[in-house]
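One structure is given here, and the rest of the page talks about it.
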Amino acid sequence: MQIVICDDEKEIRDWFLDKIRKFCPEADVMCCASGEELLAGETVPDLLFLDIRLPEMDGMETARRLREKYGKMILIFITALEEYVFLAFDVGAFHYLVKPVSEEKLKEVLERAAGQYREAAGRKSVWEEKSIVIKSGGVSNKIRLEHVVYAEVYNRKVVIHKTDGDVEYYGRLGALEKMAGEDFFRSHRGYLVHFKYVEKYDASMIWLKGGTALMAKQKYPEFVRKYLKYHRNKGGSGVV
């Protein structure tokens, strides 16, 4: 497991480095002092301890850019500013540690994060192979579910918006919903969204990577509950 500590205070970096090597000796641990340094490097973190108050680019913006660049990682914020706790949800934070961090709390969180990492590694091959087959224009298209951002009904067709392009076909959105599974949500009779690509939402709209979907007001409470459950299962939304 590749662990990265990003904090502009050397004393904090050194403390985390010493404790993490003590509790997780098999991991490869490195440090950096800024978001720019982290983004410019070639290291892909599996687990990132990230300070929010960083010079120039703050931790929240650094986290957003890292999500765009690498996607999956276990993110733990370390900061003295508790008021940022709710913003941590926006970037799928696994935990939120408030300074000063005790050795016991760090050990507890590190053990849970390592367990999440091992569990995710075990699921990876199965998830990446999960796909559906759609017939469009007489041609059968195999689509990997992890690449589906959302689907919508348009001109009596179902349009699947993928990370690498769109596919449209005559069919029923309900049938696609059943095939897609619990990582997707029917937010409106005309929309099916993938939780993985949700960037923000309110009671009437969902903003996703590369598009938007309508939210039926009566669906909103269920969406929030399942969205938070999705992130807990994938290693996010925990708060300390």
Q: Show your reasoning for whether side-chain contact (heavy atoms from CB on, under 4.5 Å) applies to M215 and H188.
A: CA-CA 5 Å; M215 174 86 80; H188 183 277; over 6 Å; no

Q.
Let's go through D14 and K10 carefully: what are the C-alpha distance in whole Å and the side-chain angles of both, what is the deciding distance for salt bridge (charged side-chain N to carboxylate O under 4.0 Å, His left out) to 0.1 Å, and is it a yes or a no?
A. CA-CA 6 Å; D14 289 346; K10 186 177 185 303; 2.7 Å; yes

Q: Could you please spell out the steps behind the ring pair (Phe, Tyr, Trp, His ring centres under 6.0 Å) verdict for F223 and F195?
A: CA-CA 9 Å; F223 173 86; F195 287 131; 5.6 Å; yes

Q: Check the pair H194 / Y150 against ring pair (Phe, Tyr, Trp, His ring centres under 6.0 Å), numbers first and verdict last.
A: CA-CA 6 Å; H194 191 168; Y150 71 105; over 10 Å; no

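Between atom CD of residue E168 and atom CD1 of residue I160 there is a gap of 10.5 Å, rounded to the nearest 0.5 Å. We find the SG-CG distance between C6 and L75 to be 10.5 Å, quoted to the nearest 0.5 Å.
Salt bridge absent: E177 and R172 never bring a charged side-chain N and a carboxylate O closer than 4.0 Å. Between R13 and D8 there is no salt bridge, since no side-chain N of the basic residue sits under 4.0 Å from a carboxylate O of the acidic one. Ion pairing between R64 and E68 fails under the 4.0 Å rule for side-chain N and carboxylate O.
Placement of V101 and L17 within a single hydrophobic cluster is found when ILVMFWY residues are connected by side-chain heavy-atom separations under 4.5 Å, directly or transitively. A single hydrophobic cluster is seen to contain both M30 and L50, as judged by linkage of ILVMFWY side chains at heavy-atom distances under 4.5 Å, directly or through other members.
In this structure the side chain of S34 never reaches within 4.5 angstrom of the side chain of E56, judged on heavy atoms.
Shown here is E182, whose CD atom has no more than 12 heavy atoms of other residues, nucleotides or ligands within 6.0 Å. In the displayed structure, K19 atom NZ is contacted under 6.0 Å by more than 12 heavy atoms of other residues, nucleotides or ligands. Environment of NZ in K107: sparse, with no more than 12 heavy atoms of neighbouring residues, nucleotides or ligands closer than 6.0 Å.
No donor-acceptor pair closer than 3.5 Å links the side chain of D46 to the backbone N or O of M1.
What you find for D164 and K162 is that their closest heavy atoms are OD1-NZ, 2.9 Å.
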